[in-house]
Amino acid sequence: MSEAIEQFFASLPARAPAVLRAPISGTLQIDLATGNRTDHWLVQLGPGEAIVNRARGPADAIWNSSADLFERLVTGRAQSLSAVLRNETTYGGNVMLLLVFRRFFPNPPGVRDPRETAREQVGRR
């Protein structure tokens with residue numbers, strides 16, 4: 001398992017209050033495959049809270065991905081919904097959990113908020 005993925009999951013509880021503002025709760029199991037090995041992560045999500053365990057268990061949704069793709073997601077080099085739509089990864093269960101969880105992923109490198117760009121353009125006039 002890559003260090004980027006380990007750090008991503010370790011950061012979730014501290015980042016949850018800023019990221020998880022929606023009144024949704026549920027458990028997401030994330031299965032990351034590398035060759036013949038699969039690592040399991042169980043993430044319990046609630047308003048302002050994320051509890052992470054390295055386990056399998058009862059879950060409201062299951063996300064299957066290669067570890068390589070997930071590393072690209074946690075580093076901003078790939079987008080989760082695009083990966084699902086291209087069948088690079090599979091997801092089953094409560095779709096709202098994916099929509100909420102994807103907020104933890106960073107933006108691609110070099111991407112800027114369009115509001116910042118607009119403010120800069122107005123300031124130059």
**Request:** Answer yes or no: does atom CZ of Arg21 have more than 12 heavy-atom neighbours from other residues, nucleotides or ligands under 6.0 Å?
**Result:** no
Determine whether [X] and [Y] make a side-chain contact, defined as any pair of heavy atoms from C-beta on separated by less than 4.5 Å.
X	Y	result
Trp41	Gln29	no
Ile30	His40	no
Glu49	Gln44	no
Leu45	Leu20	yes
Val100	Leu97	no
Asp60	Leu28	no
Val52	Leu42	no

**Asked** Are the aromatic ring centres of Phe70 and Phe9 under 6.0 angstrom apart?
**Response** yes
**Message:** Could you walk me through whether Trp63 and Thr89 satisfy the side-chain hydrogen bond (donor to acceptor under 3.5 Å, both in side chains) test, starting with their C-alpha distance in whole Å, then the side-chain angles of each, then the deciding distance to 0.1 Å, before giving a yes or no?
**Reply:** CA-CA 7 Å; Trp63 187 353; Thr89 184; 2.7 Å; yes
**Prompt:** Distance-only, no hydrogens or angles: does the Tyr91 side chain make a donor-acceptor pair with backbone N or O of Ala61 under 3.5 Å?
**Reply:** no
**Prompt:** Are the side chain of Asn53 and the backbone of Ala55 linked by a donor-acceptor contact shorter than 3.5 Å?
**Reply:**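 Flag not set: sc Asn53 to bb Ala55 has no pair under 3.5 Å.
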